[in-house]
Amino acid sequence: MDKTQPTQNNVKHRQGFALLITLSVLAVIIALTTVLLSYFEEVKQDATESKALIQADIYYKNITNIFQGFKNKKTLFSVLYNTSLPLRTPEGRFSLQLQCEPLYKGVNINWLGLQNSAQKAAYSSVAQELFEAIVQDYNIQDPGRLHEMLLEEIGGKNTWVQREQSRLHQKNGIISYKQFSDIISRYQFEVDDPEIGAVPWKKYFSFSPEADKVDAEYSSPELLAYLFAMDVSIVEEWTSLVDKGTLENFVRENGGDYEKRKSILAGETFLEAAECSVRYAVADEQYGFRFEYIQGEAKYFEFYGKQ
């Protein structure tokens, strides 16, 4: 029996997939370049710190307008999640770099506050179990105090962030990694726990109260290995594949219990929720800002200023 044909078909399939990604990247780059460079003439004289915020706002509005104009959001964000897009004029007087990542790729840290909700037991359970696993793996000295501080912030009973960060007080809960990291810093100062700084929190948790599913297609190998009780090296090998098939099939084929976590996973449903950061340079100065894009709406713009 000829065994070469399936291999050839597989190669052609991967080549076709790679070509689709390449064409998608080009489409995104062309769209961004066309719009952003059209505004460059308006802002190229405004390179001072006082004018940089206005400049960032222009880029922010036009990038989000481009996002809204794309009909196939899954293709768009699949490209952006895997490719940092650099844009620059030929003479180098203007440059901009756009990078996005899935907003819901981790377990929502706010699920720790659902311990009294019978309807959300699966959410509370996975968050609590993950927190306890991290406590053990990284030898956190006072997990009770850290847990207490997180619940106080999630429930709105206390504020462990600076009052001038007014955006973080528009609603209860932890709504950004910056807010979460402020809590971690205060815990470290209070407890003097040197181990807390070694925890890669972003590999396990997401920090948006809107998240009601885990976008596991983009989750870290470490989180997937925990969720399905699998060896992380096997997961790392799978995530590195170009055409890797569905997560559900992978888990089942490798002895994992997909059904146990199914209720908290997005499955094959595309979640239109991204966190994007932009770095741009004008007149040899670097500036940056971030924003979130959720279901066609841009929100939580933060200007970082000079980098």
Side-chain angles (χ1 to χ4, degrees), residues 101-138 140 142-161 167-184 186-187 196 199-230 235 247-248 251 256-267 269-275 292 294-295 299-300:
E101 62 180 34
L103 191 58
Y104 301 161
K105 64 181 180 179
V107 170
N108 188 347
I109 192 69
N110 293 281
W111 294 351
L112 287 172
L114 298 176
Q115 68 271 29
N116 296 322
S117 173
Q119 294 81 6
K120 297 290 186 178
Y123 295 84
S124 173
S125 176
V126 70
Q128 186 61 40
E129 290 172 8
L130 178 57
F131 178 82
E132 291 172 0
I134 291 173
V135 163
Q136 182 175 357
D137 290 346
Y138 291 91
I140 294 177
D142 194 346
R145 179 55 182 148
L146 177 58
H147 190 264
E148 180 184 28
M149 294 174 74
L150 291 171
L151 289 184
E152 287 175 347
E153 187 69 18
I154 290 169
K157 297 177 181 178
N158 208 337
T159 52
W160 301 99
V161 295
R167 182 182 69 80
L168 301 180
H169 300 281
Q170 293 173 6
K171 61 176 72 178
N172 290 339
I174 296 173
I175 68 174
S176 77
Y177 180 72
K178 176 63 170 64
Q179 181 184 6
F180 174 80
S181 63
D182 284 348
I183 300 170
I184 297 299
R186 288 178 178 268
Y187 162 83
I196 197 72
V199 182
W201 296 103
K202 282 189 173 182
K203 289 186 176 182
Y204 298 101
F205 288 104
S206 64
F207 307 92
S208 174
E210 289 94 344
D212 61 356
K213 297 290 181 181
V214 176
D215 201 354
E217 181 179 351
Y218 302 106
S219 293
S220 69
E222 291 83 357
L223 177 57
L224 294 178
Y226 161 75
L227 289 176
F228 303 110
M230 299 172 66
V235 183
L247 174 64
E248 182 174 357
V251 172
D257 188 354
Y258 188 84
E259 290 298 322
K260 180 181 179 181
R261 305 299 189 185
K262 188 174 182 179
S263 64
I264 68 166
L265 303 177
T269 302
F270 172 68
L271 300 182
E272 189 180 326
E275 179 181 20
E292 294 177 9
I294 304 173
Q295 293 297 318
K299 56 177 65 176
Y300 303 146

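Only heavy atoms go into these numbers, but all of them, side chains included; no hydrogens, no water, no symmetry mates.
Rounding to the nearest 0.5 Å gives a distance of 12.0 Å between CG of Asp137 and CD of Glu132. The CD1 atom of Ile175 sits 14.5 Å away from atom CD1 of Ile109, with the distance rounded to the nearest 0.5 Å. Expressed to the nearest 0.5 Å, how far CD of Glu248 lies from OH of Tyr258 amounts to 5.0 Å. Rounded to the nearest 0.5 angstrom, Ile264 CD1 and Trp111 CH2 are separated by 5.0 Å. Note: Ser125 OG to Lys120 NZ = 14.0 Å, rounded to the nearest 0.5 Å. Here the CG atom belonging to Asn108 is positioned 8.0 Å from the CG atom belonging to Leu114, to the nearest 0.5 angstrom.
Between Leu224 and Val251 the shortest side-chain heavy-atom distance does not fall below 4.5 Å. Residues Phe205 and Ile134 meet the side-chain proximity criterion, which asks for heavy atoms closer than 4.5 Å. Side-chain contact between Ser220 and Tyr226: absent, with no pair of heavy atoms (C-beta onward) separated by less than 4.5 Å. Contact of the Val135 side chain with the Leu146 side chain is not registered, since no non-hydrogen atoms from C-beta on lie closer than 4.5 Å. Side chains of Val126 and Val214 form no contact here, defined as non-hydrogen atoms less than 4.5 Å apart. Phe131 is not listed as a side-chain neighbour of Ile140, based on a closest heavy-atom distance of 4.5 Å or more. Ile184 has its side chain out of reach of Val199: every pair of non-hydrogen atoms, C-beta onward, lies at least 4.5 Å apart. Put simply, the side chain of Tyr187 does not reach to within 4.5 Å of the side chain of Leu150, judged on heavy atoms.
Under the 30°/60° scheme for interplanar angles, the aromatic rings of Trp201 and Phe180 are found to stand perpendicular.
Under the 4.0 Å criterion applied to side-chain N and carboxylate O atoms, Lys202 and Glu275 are not assigned as salt-bridge partners. Salt bridge annotation for Arg261-Glu129: present, with a cationic side-chain nitrogen under 4.0 angstrom from a carboxylate oxygen. A salt bridge does not link Asp182 to Arg186: none of the charged side-chain nitrogens sits closer than 4.0 Å to a carboxylate oxygen.
When all heavy atoms of Leu223 and Gly106 are compared, the pair lying nearest together is CD2-CA, 3.7 Å. Shown here for Asn110 and Ser208, the closest heavy-atom pair between the two residues is ND2-C, 4.0 Å. Between Ala216 and Leu265, the closest heavy-atom pair is CB-CD2, 4.0 Å. Between Pro209 and Ile174, the shortest heavy-atom distance links the atoms CD-O, 3.5 Å. Heavy-atom minimum distance, Phe228 versus Asp257: CD2-O, 3.8 Å. In terms of heavy-atom proximity, Ala266 sits nearest to Lys213 at N-CB, 4.0 Å.
Other residues, nucleotides and ligands contribute at most 12 non-hydrogen atoms within 6.0 Å of the CD atom of Gln136.
Remark: the backbone N or O of Leu112 is not paired with any side-chain donor or acceptor of Ser124 at under 3.5 angstrom.
Between the side chains of Gln179 and Glu153, at least one donor-acceptor pair of N or O atoms lies under 3.5 Å.
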Stepwise side-chain contact (heavy atoms from CB on, under 4.5 Å) check, Tyr104 with Glu210: CA-CA 9 Å; Tyr104 301 161; Glu210 289 94 344; 3.4 Å; yes
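With sequence neighbours left out, the salt bridge (charged side-chain N to carboxylate O under 4.0 Å, His left out) criterion links Lys203 to Glu222. Evaluation of the side-chain contact (heavy atoms from CB on, under 4.5 Å) rule for Glu272 yields Lys73, Phe77, Phe270, Tyr293, Gln295 as partners, not counting sequence neighbours.
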